[in-house]
Amino acid sequence: MIPIQSKLPGVGTTIFTVMSKLAADHNAINLSQGFPDFDCDPELVNYVAEAMKNGFNQYAPMAGTMELRNVIAAKTESTYGLAYDPETEITITSGGTQAIYTALAATINAGDEVIIFEPAYDCYSPTIRSLGGLVKPFELSAPDYEIDWNMVKKLFSVNTKMIILNSPQNPTGRILKENDIAELIKLTRNTDILILSDEVYEHIIFDGEAHLSMAQYPELRERSFIVASFGKLLHATGWKLGYCLAPDYLMKEFRKIHQFNVFSVNTPMQIGVAKYLSVPSRYLELADFFQQKRDLFRKLLTETKFNLLPCNGSYFQCVTYNKIGDLSDKEMAISLVKDFGVASIPVSAFYIRNTDHHVLRFCFAKKQETLEKAVERLVKL
Ligand code: PMP
Ligand code: GLN
């Protein structure tokens, strides 16, 4: 064996892979990894197939097809009121994950500090560390995961390079509100701090709340990379298609990394997705669609001993289980799979220190019958 110095010592396989495998091994209902168990619209598949049949099978332009960038520019402007130039400020990526990686690789140097809010999506911290950056986690707590900005301030130092935000947040379903945005503007004003805003659940937001995007605040827009994923938007997580928005001076650096990492993303899907999304109702109806699933799942869960945490967005419902027992969340998640046949995600996996508030995350992007069957099993606890 040739010795190599690991970039990520101590990192194993992601919790999503571990729990999905455990679910498969035990023939459990998989509410762990976040993906729909229903198919995307056949019309979308037709559009992609049509693009393949029509010969769109060679490299796309490095930044993505103009058709798709134009659709994204129109969607962003009509939704948030601020324009992004499709020529210089929008890049199509291979999913949200690659957009996150590329934004970080383009900006983080050794010793740079990045503030993240935990529980945090799993790829932020290892990516920052693999680039030589230092992660400064700010831990939020159940039940409401509110951000105490006075405490956040204490994490700032001369080395703070970036803040990563994620609204609606995976796994908590928490959304940023106007007061959070006001604090963020205050904290970053007259600084060189960048923002990476993971907005992959932008259209999955409930109870008439509006998603507050970095795109709609000029002071934040000028320092932000915004990440989006068509996996969430189209019920097609396996397509690994997403995009990044950023002002041109940031996008220039983003593309320098992107062109030598993936160069460009597959062409026929971009053509098909552009055609599909030229009808805005296809993404505007997503909130209602998932709110019905959230409401159904929450109603079903009231028959169990779980306590429901709030869920304002995303397709995840978190629960606590103090009426059931005091196992660690990992032990509880394993027992749910092995003894009750339902897979979830232990939320401690989203904290660097594995902080355990005894919270489990369930994905409700599932058919009604799947949710009903799962809860039939969970009532036995
Ligand atoms: N950010 C968050 C918060 C996510 O939940 C996910 C995936 N579910 C991603 C980024 C990655 O998106 P993609 O699957 O398009 O890479
Ligand atoms: N984003 C999905 C989730 O939170 C999982 C994606 C993955 O498995 N990498 O469950």
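What you see below is based on every heavy atom in this structure, not just the backbone, and it leaves out hydrogens, waters and symmetry mates. Atoms within each ligand, like the ligands themselves, are counted from 1 in listed order.
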- Item | Any N or O of Tyr201 closer than 3.5 Å to N or O of ligand 1 | yes
- Item | Per-atom contacts of ligand 1 with Val200, taking only distances under 4.0 Å to non-hydrogen atoms | 1 (N), 2 (C), 3 (C), 4 (C), 10 (C)
- Query: At a 4.0 Å threshold, what atoms of ligand 1 neighbour a non-hydrogen atom of Gly95?
  - Reply: 15 (O), 16 (O)
- Do we see a donor-acceptor contact under 3.5 Å between the side chains of Tyr80 and Glu202? yes
- Task: Consider every N or O of Arg361 and every N or O of ligand 2, then say whether any pair is closer than 3.5 Å.
- Result: yes
- Item | Interatomic spacing from CZ in Phe56 to CD1 in Ile271 - rounded to 0.5 Å | 4.5 Å
- ligand 1-proximal atoms of Gln98, by part, heavy-atom distance under 4.0 Å: neither
- Message: For the residue pair Gln317 / Arg294, report whether a side-chain donor-acceptor contact shorter than 3.5 Å exists.
- Response: no
- Task: Determine, considering heavy atoms only, which of Ala228, Ala99, Ala236, Gly96 sits nearest to atom 13 (P) of ligand 1.
- Result: Gly96
- Query: Of all the non-hydrogen atoms in the protein, which one sits nearest to atom 8 (O) of ligand 2, and at what distance?
  - Reply: Gln33 NE2, 2.7 Å
- Message: I'd like to know if Asn166 contacts ligand 1, where contact means a heavy-atom distance under 4.0 Å to any ligand atom.
- Response: yes
- Task: Take the angle between the ring planes of Phe316 and Tyr201 and call it parallel below 30°, perpendicular above 60°, tilted in between.
- Result: perpendicular
- Message: Tell me whether Thr14 has any N or O atom under 3.5 angstrom from an N or O of ligand 2.
- Response: no
- Note on the structure: Note: ligand 1 atoms sitting under 4.0 Å from heavy atoms of Asn170 are 3 (C), 4 (C), 5 (O)
- With heavy atoms under 4.0 Å as the rule, classify the contact between Asn170 and ligand 2 as side chain, backbone, both or neither. side chain
- Query: Which is it for Lys240 and ligand 1 at heavy atoms under 4.0 Å: side chain, backbone, both or neither?
  - Reply: side chain
- Thr172 versus Gln169, side-chain donor and acceptor atoms under 3.5 Å: yes
- Task: Do me a favour and list the nearest non-hydrogen protein atom to atom 7 (C) of ligand 1 with residue, atom name and distance?
- Result: Lys232 NZ, 2.8 Å
- Message: Would you say CD of Glu87 has more than 12 non-hydrogen atoms from neighbouring residues, nucleotides or ligands within 6.0 angstrom?
- Response: no
- Item | Polar contact flag for Phe316 and ligand 2 (N/O pairs, less than 3.5 Å) | no
- Query: In terms of residue, atom name and distance, what is the protein heavy atom nearest to atom 9 (C) of ligand 1?
  - Reply: Tyr121 CE2, 3.5 Å
- To which protein heavy atom is atom 1 (N) of ligand 2 closest, and what is the distance rounded to 0.1 Å? Tyr121 OH, 3.2 Å
- Item | Numbered atoms of ligand 1 (with element) below 4.0 Å of Thr97, judged on heavy atoms | 11 (C), 12 (O), 13 (P), 16 (O)
- Item | SB check Arg255 Asp248 (cutoff 4.0 Å) | no
- Within the side chain of Lys380, is there an N or O that forms a donor-acceptor pair under 3.5 Å with the backbone of Phe340? no
- Starting at CZ of Phe230, measure out to OH of Tyr243 and round the result to the nearest 0.5 Å. 5.5 Å
- How many angstroms lie between CG in Leu220 and CZ in Arg189, if you round to the nearest 0.5 Å? 9.5 Å
- Query: Quick one: do the Asn307 and Tyr321 side chains pair a donor with an acceptor below 3.5 Å?
  - Reply: no
- Measure from atom 10 (C) of ligand 1 to every heavy atom in Asp198, Thr93, Asp122 and give the option owning the shortest one. Asp198
- Query: Charged N to carboxylate O under 4.0 angstrom, Asp25 versus Lys21?
  - Reply: yes
- Does any N/O atom on Ser94 come nearer than 3.5 Å to any N/O atom on ligand 1? no
